[in-house]
Amino acid sequence: MRMSIFSLIPLLLIAGPASAPAAGAEADFRAAYAAAEAAEQEAGHLRNQWTVTASALADAKKAADKGDFDQALASAKEAEALAKASIFQATSEKEAWKALEIR
């Protein structure tokens, strides 16, 4: 059975656009994961890393390894938000103790 190049064109048109969004989703995930890791490192420097952030990063990595970049992106963004919240907590509590009144 021989297929001509013309019979492959519809298949290439269908497969071509699907690979571009997948590559875009992977790039989005990689950027979000890098941002989450950077925020987590900053939280580490402040000595206020949360275990849920590490779990979210692990979930993002697992989803990416499976090729589910939508879930990986969501988990990476969640990890970044958690890391930023831990940074906020560390910096706000650093000064909050001064407002306490000792009786």
Side-chain angles (χ1 to χ4, degrees):
M1 179 164 67
R2 243 176 94 195
M3 293 183 78
S4 73
I5 188 74
F6 296 110
S7 62
L8 291 176
I9 291 175
L11 293 174
L12 293 173
L13 291 175
I14 293 170
S19 62
E26 183 176 358
D28 291 344
F29 157 72
R30 293 204 185 282
Y33 192 84
E37 279 188 321
E40 177 68 349
Q41 284 182 343
E42 185 178 345
H45 291 299
L46 295 170
R47 304 175 112 191
N48 197 39
Q49 289 175 304
W50 293 351
T51 57
V52 292
T53 306
S55 295
L57 282 169
D59 290 345
K61 183 82 169 118
K62 284 181 200 173
D65 290 343
K66 291 179 185 176
D68 186 358
F69 291 107
D70 291 334
Q71 179 59 45
L73 179 62
S75 294
K77 286 184 176 184
E78 178 186 4
E80 182 182 11
L82 289 166
K84 286 183 176 181
S86 67
I87 291 166
F88 175 79
Q89 180 187 41
T91 55
S92 65
E93 288 182 5
K94 185 177 181 180
E95 298 297 319
W97 70 271
K98 294 176 185 177
L100 295 176
E101 182 178 326
I102 299 174
R103 295 179 189 199

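- Distance check, rounded to the nearest 0.5 Å: CG of D59 to CG of D68 gives 11.5 Å.
- We find the CG-NZ distance between L73 and K77 to be 4.5 Å, quoted to the nearest 0.5 Å.
- The two residues A76 and A60 make their nearest non-hydrogen contact at N-CB, 3.7 Å.
- The side-chain hydrogen bond (donor to acceptor under 3.5 Å, both in side chains) contacts involving residues 34-44 comprise E40-Q49, where partners must be two or more places apart or lie in separate chains.
- Considering CZ of F29 and CD of Q71, their distance stands at 11.0 Å, rounded to 0.5 Å.
- The minimum heavy-atom distance between N48 and S86, with the atom names listed, is ND2-O, 2.7 Å.
- We find the CG-CD1 distance between L82 and I87 to be 11.0 Å, quoted to the nearest 0.5 Å.
- The distance from the CZ atom of F69 to the CZ atom of R30 is 6.0 Å, given to the nearest 0.5 Å.
- L57 CG to K62 NZ: the interatomic distance, rounded to the nearest 0.5 Å, is 12.0 Å.
- Here the closest non-hydrogen pair linking T53 and A83 is OG1-N, 3.8 Å.
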